[in-house]
Amino acid sequence: MKLTILDAYSINPGDLSWAPIEALGTFCTYDRSFPEEIVNRISDCDGFFVSKCLITREVMESCPKLKFIGVTATGYDNVDIKAAKELGIAVCHVPAYSTDAVAQHTFALILELTNRVGSYDSSIQAGQWYKSPDFTFIKEPLTLLDGKSLGIIGYGNIGKRVAHIAEAFGMTVNVYSRDKEAALKSDFVTLHCPLTAENKGFVNSKMIAKMKDGAVLINTARGALINEEDLAAALRSGKLSAAAIDVIDGEPPKEPHPLIGQPNCILTPHIAWMPKETRQKVIDICAANLKSYLDGGRLNRIV
């Protein structure tokens with residue numbers, strides 16, 4: 001097969017090997033592809049891999065040899081699945097590859113807010129410990145997770161893994177789908193649900209008003225779940241004591257962004273899924289999906 005990948009950089013910026021996929025055909029990689037470049041790059045391909053590029057019916061119809069699309073992610077809303085089915089093009093994705101990574105990052109964010117490791121390190125590097133009259137110095141208070149509550153919105157693979165870690169810290173877990181009120185009144189509320197037309201922006205001023213005063217909001221799911229202006233207002237007013245956000249609505253952000261520069265709002269640039277081991281898993285599963293297709297199988301097939 002003649003194969004390509006349209007947006008390779010986020011999966012493999014150079015620290016991994018494409019060998020599992022290269023073994024299955026002639027393989028060309030592009031770090032990034034602008035919309036106007038897509039058709040030219042895949043027009044004579046038998047199959048291609050894609051992460052975020054928009055693959056429309058028009059794109060597929062412009063590629064007469066196309067038989068296989070491999071999405072290098074769990075979500076596949078960037079591919080016109082209906083058109084692919086009608087055109088007889090197989091589409092595969094990579095389910096549940098980031099469960100452990102996202103759960104780990106969720107607690108990295110929570111622990112940064114409770115233990116302030118980055119803040120204290122910055123103070124030490126600036127020389128403040130040199131000036132301390134005591135063996136320690138107190139810049140800002142720390143918080144113990146034991147005895148605190150965690151509300152989990154979205155109780156799939158990632159939500160369950162987060163619950164397991166929370167319990168190891170001695171936290172009480174409240175699952176939103178079982179008890180909405182208890183989840184929203186938790187000390188920490190973390191989002192792990194998929195984005196749908198129905199829940200877009202559902203974390204808004206109305207929902208935040210139901211949350212515990214001084215609660216902390218964590219989002220490692222999808223940025224569009226949150227009304228970002230409403231969250232910024234809640235942080236400014238003190239209704240929420242802090243937020244830790246890995247995903248925003250529209251990435252990369254456009255200036256000015258309502259959460260950038262907000263007090264007690266920690267931001268990371270959509271990296272929860274990105275450990276090297278996790279990205280290797282994506283490559284391996286993509287290769288397995290393609291091999292299954294070539295062998296007549298349906299591993300991780302959407303259509």
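Throughout, numbering of the chain's residues begins at 1 and tracks the sequence.
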At their closest point, which heavy atom of Arg279 faces which heavy atom of Met274, and how far apart are they? NE-O, 3.0 Å

Test your reading of the model: is there a side-chain donor-acceptor pair from Asp187 to the backbone of Ser149, 3.5 Å cut-off? yes

Can you find a pair of side-chain heavy atoms, one from Leu217 and one from Leu231, that are under 4.5 Å apart? yes

Within this structure, what is the CD1-NZ distance for the pair Ile260 and Lys254, rounded to the nearest 0.5 Å? 12.0 Å

Would you check, one step at a time, whether the test salt bridge (Lys or Arg N to Asp or Glu O under 4.0 Å) holds for Lys2 with Asp44? CA-CA 8 Å; Lys2 183 171 183 180; Asp44 62 345; 2.6 Å; yes

From Asp213 atom CG to Ile208 atom CD1, the distance as rounded to the nearest 0.5 Å: 12.0 Å

Using 30° and 60° as the class boundaries, would you call the ring planes of Phe68 and Phe49 parallel, tilted or perpendicular? perpendicular

Heavy-atom closest pair, residues Arg32 and Glu37: O-OE1, 4.2 Å

So, is the end of the Arg301 side chain (NZ or CZ) under 6.0 Å from the ring centre of Tyr293 and within 45° of the ring's axis? no

Please confirm whether the backbone N or O of Pro258 pairs with a side-chain atom of Gln262, one donor and one acceptor, at under 3.5 Å? yes

Just by modelled atom types, is the Val117 backbone N or O under 3.5 Å from a matching donor or acceptor in the Asn115 side chain? no

From CG (Asn289) to CG (Leu24), nearest 0.5 Å: 11.0 Å

Here's a test for you: under side chain to side chain contact (heavy atoms under 4.5 Å, CB included), which of Asn157, Leu150, Ile110 qualifies with Val162? Leu150

Side chain to side chain contact (heavy atoms under 4.5 Å, CB included) between Lys281 and Val94, worked out: CA-CA 9 Å; Lys281 188 183 293 186; Val94 185; 5.9 Å; no

Any sub-3.5 Å donor-acceptor pair from Ser186's side-chain atoms to Ala182's backbone N or O? yes

Enclosure of Phe137 CZ (heavy-atom neighbours >12, cutoff 6.0 Å): yes

Exam field: side chain Lys65 to backbone Cys45, donor-acceptor pair closer than 3.5 Å: no

How far apart are the closest heavy atoms of Ser62 and Pro64, and which atoms are they? O-CD, 3.4 Å

Using distance alone, with no hydrogens and no angle criterion, decide if Ser33 and Asp7 have a side-chain donor and acceptor under 3.5 Å apart. no

Nearest heavy-atom neighbours spanning Ala83 and Met60: CB-CE, 4.0 Å

Should the pair Arg41 and Tyr30 be classed as cation-pi, given the thresholds of under 6.0 Å to the six-membered ring centre and 45° from the axis? yes

Mark yes or no for whether Tyr120, through its side chain, and Glu140, through its backbone, hold a donor-acceptor pair below 3.5 Å. yes

Run the numbers on Asp230 and Asn204 for side-chain hydrogen bond (donor to acceptor under 3.5 Å, both in side chains), then give the verdict. CA-CA 6 Å; Asp230 288 357; Asn204 54 24; 5.4 Å; no

Side-chain donor-acceptor pair under 3.5 Å between Lys139 and Ser119, yes or no? yes

Enclosure of Glu181 CD (heavy-atom neighbours >12, cutoff 6.0 Å): no

Are the side chains of Leu184 and Tyr176 in touch, meaning some heavy atoms are under 4.5 Å apart? yes

Under 3.5 Å, side chain of Glu112 to main-chain N/O of Gly118, donor-acceptor pair present? yes

Would you indicate whether Lys85, at its atom NZ, is surrounded by more than 12 heavy atoms from other residues, nucleotides or ligands within a distance under 6.0 Å? no

Polar side chain donor-acceptor pair, Thr106 to Thr190, under 3.5 angstrom: no

Could you pull out the closest heavy-atom pair between Val59 and Leu54, with the gap in Å? CG2-O, 4.3 Å

Test item: Asp246 side-chain N/O and Ala272 main-chain N/O as donor-acceptor pair under 3.5 Å: yes

If we ignore angles and hydrogens, is there a donor and acceptor under 3.5 Å between the side chains of Asp100 and Gln104? no

Check the pair Thr56 / Asp80 against side-chain hydrogen bond (donor to acceptor under 3.5 Å, both in side chains), numbers first and verdict last. CA-CA 5 Å; Thr56 63; Asp80 187 335; over 6 Å; no

Scan Thr72, Asn78, Ile38 and name whichever one has a side chain to side chain contact (heavy atoms under 4.5 Å, CB included) with Val50. Asn78

Determine yes or no for a side-chain-to-main-chain donor-acceptor pair under 3.5 angstrom, with Glu61 supplying the side chain and Glu58 the backbone. no

Cys92 side chain reached by Val71 side chain, heavy atoms, under 4.5 Å: no

Atom CH2 of Trp129: over 12 foreign heavy atoms under 6.0 Å: no

Does a sphere of radius 6.0 Å around NZ in Lys239 hold more than 12 heavy atoms from other residues, nucleotides or ligands, not counting ones at 6.0 Å or beyond? yes

Are any of the side-chain heavy atoms of Ile153 and His192 separated by less than 4.5 Å? no

Is the Tyr76 ring parallel, tilted or perpendicular to the His93 ring (thresholds 30°, 60°)? perpendicular

Met171 versus Glu167: any side-chain heavy-atom pair under 4.5 Å? no

Would you say Glu22 and Leu3 make side-chain contact, with heavy atoms under 4.5 Å? no

For Asp249, does its backbone N or O pair with a side-chain atom of Glu228 as donor and acceptor, under 3.5 Å? yes

If you count the non-hydrogen atoms of other residues, nucleotides and ligands that lie under 6.0 Å from NZ in Lys291, is the total more than 12? no

Does any non-hydrogen side-chain atom of Ile266 lie less than 4.5 Å from one of Leu113? yes

